[in-house]
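To start, the structure under review is shown below, and the notes come after it.
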Protein chains: 2
Amino acid sequence: MNAAQEIKDKGLKVTTARVKVLDILQPDGLALSHMELEPMLGKIDRITLYRILNDFEEVGLVHKVIDIDGVTRFALCKHNCTTHHHNDNHLHFNCTACHKMYCMDNLPVTAVNLPKGFKATGQSTIIYGLCSGCN
Amino acid sequence: MNAAQEIKDKGLKVTTARVKVLDILQPDGLALSHMELEPMLGKIDRITLYRILNDFEEVGLVHKVIDIDGVTRFALCKHNCTTHHHNDNHLHFNCTACHKMYCMDNLPVTAVNLPKGFKATGQSTIIYGLCSGCN
DNA sequence: TTGTTTATGCAACAGAGTTGCAAATGTAAG
DNA sequence: CTTACATTTGCAACTCTGTTGCATAAACAA
Ligand SMILES: [Mn+2]
Ligand SMILES: [Mn+2]
Ligand SMILES: [Zn+2]
Ligand SMILES: [Zn+2]
């Protein structure tokens, strides 16, 4: 599906900035940071980018991940996420050489047996090491 | 063991600020943020706290974890970590109500089968939900 | 095309973290 | 117990990340 249609389907106005952001996130499926996105967007204001990404996250177009260096990254949702409800509880791989963060959508997430009293609602796992490009 | 001795054993000078920081991290075993530590330390400068925690991490006295909100936290090492080599690859539990972060030292860490080409050197898992105090 | 709603850009701000440097403190030796 | 050296501390200044208010520009439905 094209970016404009996806944005409209989520109830957001179709603007050039929003289409551009979604177009950039589409191809590789990597989780990108603000620092990486800004130069790819040309003359779009950085505050606008913050707002676009936050809006996209709210409506379930992208999800946010914090990498092993504490950098916030955004990647496309691929699991029919909706407003305020994300279904993409998947693993992430963070390369310690090139710093790319990959969404590992096809790997199983193992549930953990917690001590009495603790109740999990989700979990976030980042595996780090060398990616296929750097290994 | 007392804080001053642990600091000396790691090859660091024993200062009042360092002893105070280690004394605060000792009892509960929680991972604390700068924001939580600063008011507990009295008149110690926030830059000094940054340097103390970084030094402690380098020599294996504490480890750093980034919580689900992106806040950096520090907790005591309990696995004989040494300078530039941490052995405490354990799970963390982050309460979504009280925001406490617990080191789950006794839970097993499940290894993940990665796609060809990817090589893991470690992994960081944060389980979130309600802790025993908030449940 | 017009009018209303929403998004954008800019300025200003707050929080987290780093670096350089002078003054204070810790430590080991005399 | 003093002294001398090495290290740590506090402060100022700075960068980077993220947020908010407000006037203008763009989207879109009528
Ligand atoms: Mn992902
Ligand atoms: Mn821990
Ligand atoms: Zn790589
Ligand atoms: Zn709690």
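Convention: sequence-line order gives letters A, B, ...; per-chain numbering from 1. Values reported hereafter were calculated over all heavy atoms of this structure, with side chains retained and with hydrogens, waters and symmetry mates removed.
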Take atom [atom1] of [X] and atom [atom2] of [N], then tell me their distance rounded to the nearest Å.
X      : N       : atom1 : atom2 : value
E38(A) : dC16(D) : CD    : P     : 11 Å
L53(B) : dT8(D)  : CG    : P     : 14 Å
D69(B) : dG15(C) : CG    : P     : 16 Å
L49(A) : dC10(C) : CG    : C1'   : 16 Å
F56(B) : dT8(D)  : CZ    : C1'   : 12 Å
F74(B) : dA16(C) : CZ    : C1'   : 11 Å
I7(B)  : dG26(C) : CD1   : C1'   : 13 Å
I52(B) : dT7(D)  : CD1   : P     : 17 Å

Could you check if a side-chain atom of [X] sits within less than 4.5 angstrom of a side-chain atom of [Y], using non-hydrogen atoms only?
X      : Y      : result
R18(B) : K10(B) : no
V65(B) : N94(B) : no
L37(A) : L53(A) : yes

Note to self: Please report whether the ring centroid of F74(B) lies less than 6.0 Å from that of F56(B).
What the structure shows: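 F56(B) vs F74(B): aromatic centres not under 6.0 Å.
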Checklist line | Candidates dG10(D), dG9(C), dA16(C) - which lies nearest the side chain of M35(B) | finding: dA16(C)
Checklist line | More than 12 heavy atoms of other groups within 6.0 Å of K78(B) NZ | finding: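 Correct, the count exceeds 12.
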Note to self: Looking at K8(A), I want to see if its NZ is surrounded by more than 12 non-hydrogen atoms of other residues, nucleotides or ligands under 6.0 Å.
What the structure shows: no
Notebook entry, point to check: Which value, rounded to the nearest 0.5 Å, describes the distance between L76(B) atom CG and C103(B) atom SG?
Noted result: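 It comes to 8.5 Å.
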Checklist line | Residues Q5(A) and D9(A): side-chain donor-acceptor under 3.5 angstrom | finding: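 A pair is found: one side chain offers a donor N or O, the other an acceptor, under 3.5 Å apart.
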Notebook entry, point to check: Quantified as the angle between the terminal helix axes (five pairs each), what is the overall bend of the helix from dT1(C)-dA30(D) to dG30(C)-dC1(D) to 10 degrees?
Noted result: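 One end axis against the other gives 30°.
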Notebook entry, point to check: Any Lys/Arg nitrogen of K100(A) or D28(A) sitting under 4.0 Å from an Asp/Glu carboxylate oxygen of the other?
Noted result: no
Next item on the list: Determine, for nucleotides 18-30 of chain D in 5'-to-3' order, which nucleotides have protein heavy atoms under 4.0 Å from the base (write B), from only the sugar-phosphate (write S), or from neither (write -).
Entry: BBBB-----BS--
